[in-house]
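These notes are about the structure you will find just below.
Chain A is the first sequence line, chain B the second, and so forth, proteins listed ahead of strands; every chain is numbered from 1. Predicted model, so just to flag it, every value in this text is computed and none were measured.
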There are 2 protein chains.
Amino acid sequence: MAYQSAFAALADPMRRSVFERLMDGPQPVGRIARGMPVSRPAVSQHLKVLKEAGLVTDRAEGTRRVYSIDPQGLAAVRRYLDQFWTEALDAFTAEVEKDEGERNA
Amino acid sequence: MAYQSAFAALADPMRRSVFERLMDGPQPVGRIARGMPVSRPAVSQHLKVLKEAGLVTDRAEGTRRVYSIDPQGLAAVRRYLDQFWTEALDAFTAEVEKDEGERNA
DNA sequence: GCTTACCGTAAGTGATGGCTTACCAAAGTG
DNA sequence: CACTTTGGTAAGCCATCACTTACGGTAAGC
């Protein structure tokens with residue numbers, strides 16, 4: 001249902017980096033920002049976008065905010081792609097079979 | 001391997017519309033553009049981006065160019081997401097179980 | 001209470017990107 | 001050959017966006 005914002009969120013390379021960092025498990029903003037080529041506020045803004053896209057969740061832990069990956073957004077994108085999968089793949093292989101490898105680009 | 005450009009390509013709503021139109025099967029540019037709120041050159045530009053992202057392929061048919069969905073780009077995005085799937089989902093459910101529903105957003 | 005650490009937000013700026021119109025090339029049709 | 005159809009490309013414009021610095025607000029430590 002929110003695959004639209006999820007795509008937009010994952011389109012930016014830096015924001016993907018932020019997202020991928022969370023693969024190592026939940027982390028506070030400061031830790032995520034450390035070692036990144038952009039400022040901490042920039043990371044905060046990226047996290048906000050990711051959160052609105054349902055790709056991450058945050059929880060307060062003292063003065064820190066710990067972010068973790070939210071499977072919800074991932075699931076939305078996955079569903080969107082799967083919607084194409086059979087449909088498009090059928091049409092594609094049908095095309096390929098029709099003119100059996102006379103084209104390759 | 002080209003999930004990067006695929007995400008960027010699918011981030012734009014209008015470009016997604018172009019892409020989704022191909023679900024009805026391979027179509028020439030003119031047919032795709034007809035009924036769309038943007039000009040035909042705009043559609044051409046979108047198709048170029050989609051092509052470079054490995055999401056569509058084109059073949060010449062007389063003076064027309066017929067575009068179809070290319071599963072290759074879809075597969076790349078799918079693999080990228082799956083890479084998170086287990087990893088992130090494990091971490092997530094682990095977190096959820098740890099503080100068993102005391103937080104909800 | 002004061003200071004420090006942590007983080008979100010506001011404002012401003014430079015770059016990216018999607019759109020339009022205009023133009024050009026190629027393939028069919030008389 | 002002239003004419004039409006089809007579609008890719010160039011140039012220019014305007015909106016969006018990612019980044020920076022500056023600021024404010026809250027929780028912990030002394």
Side-chain angles (χ1 to χ4, degrees), chain A residues 2 4-22 25-70 99 102-103 105, chain B residues 2 4-22 25-70 99 102-103 105:
Chain A
Q4 347 220 4
S5 43
F7 274 122
L10 293 174
D12 184 68
M14 193 61 61
R15 197 153 44 217
R16 265 201 312 271
S17 293
V18 171
F19 184 61
E20 291 166 5
R21 275 231 162 181
L22 293 176
Q27 295 173 36
V29 178
R31 175 118 65 94
I32 301 174
R34 188 166 350 178
M36 284 221 141
V38 294
S39 69
R40 183 197 51 74
V43 173
S44 265
Q45 291 165 4
H46 284 311
L47 286 167
K48 182 179 184 180
V49 174
L50 289 170
K51 181 180 175 183
E52 287 171 354
L55 287 165
V56 302
T57 46
D58 63 330
R59 106 185 81 105
E61 192 163 293
T63 164
R64 349 200 150 179
R65 296 202 77 93
V66 179
Y67 282 83
S68 24
I69 290 183
D70 186 353
D99 39 39
E102 68 177 67
R103 143 188 49 101
Chain B
Q4 348 219 3
S5 43
F7 273 122
L10 293 174
D12 183 69
M14 194 61 62
R15 197 153 43 219
R16 265 201 311 271
S17 293
V18 170
F19 184 61
E20 291 166 4
R21 276 228 160 184
L22 293 175
Q27 295 173 36
V29 178
R31 176 117 66 93
I32 301 172
R34 190 167 347 179
M36 284 222 143
V38 294
S39 68
R40 182 196 52 75
V43 173
S44 266
Q45 292 165 3
H46 283 311
L47 285 168
K48 182 179 183 181
V49 175
L50 289 169
K51 182 182 176 184
E52 287 171 355
L55 287 164
V56 303
T57 46
D58 61 332
R59 106 185 83 106
E61 194 164 290
T63 163
R64 349 202 148 177
R65 296 202 77 93
V66 179
Y67 282 83
S68 24
I69 290 183
D70 186 352
D99 40 38
E102 69 178 62
R103 141 190 51 101

- Message: With a 4.0 Å limit, can you tell me whether B/Tyr67 has a side-chain N or O closer than that to the phosphate oxygens OP1/OP2 of D/dG8?
- Response: yes

- Item | Nucleotide C/dT4, atom C1' - distance to CZ of A/Arg64 in whole Å | 13 Å

- Item | Distance, rounded to the nearest Å, where B/Arg16 contributes CZ and C/dG18 contributes P | 12 Å

- Nucleotide C/dC7, atom P - distance to CG of A/Leu50 in whole Å: 16 Å

- Starting at atom CD of A/Glu52, determine the distance to atom P of D/dA18, rounded to an integer number of angstrom. 12 Å

- Query: Atom CG of B/Leu55 and atom CZ of B/Arg16: how far apart are they, to the nearest 0.5 Å?
  - Reply: 12.0 Å

- Task: Please examine the side chains of A/Asp58 and A/Leu47, heavy atoms only from C-beta on, and report whether any two atoms are closer than 4.5 Å.
- Result: no

- Item | nucleotides 19-30 of chain D: protein proximity per nucleotide (B base, S sugar-phosphate only, - neither; heavy atom, under 4.0 Å) | BBBB----SS--

- Message: My understanding is that only residues two or more places apart in sequence, or in another chain, count here; which of them pass side chain to side chain donor-acceptor pair (under 3.5 Å) with B/Glu52?
- Response: none

- Rounded to whole Å, CG of B/Leu47 lies from C1' of D/dT9 at a distance of 14 Å

- Message: Quick check for you: to the nearest 0.5 Å, what is the distance between A/His46 atom NE2 and A/Arg21 atom CZ?
- Response: 13.0 Å

- Query: Atom CZ of B/Arg34 to atom P of D/dT5: distance rounded to whole Å?
  - Reply: 13 Å

- Message: Between P on C/dC7 and CD1 on A/Ile32, what's the gap in Å once rounded to a whole number?
- Response: 9 Å

- Output yes when a side-chain donor or acceptor of A/Arg64 lies under 3.5 Å from a complementary backbone atom of A/Gln27, and no otherwise. no

- Atom OG1 of B/Thr57 and atom CG of B/Asp70: how far apart are they, to the nearest 0.5 Å? 5.0 Å

- Query: A/Lys51 has an atom NZ; how far is it from atom C1' of C/dT9, in whole Å?
  - Reply: 14 Å

- Item | Pairing partner of C/dG14 (Watson-Crick or G-U wobble, both distances under 3.5 Å) | D/dC17

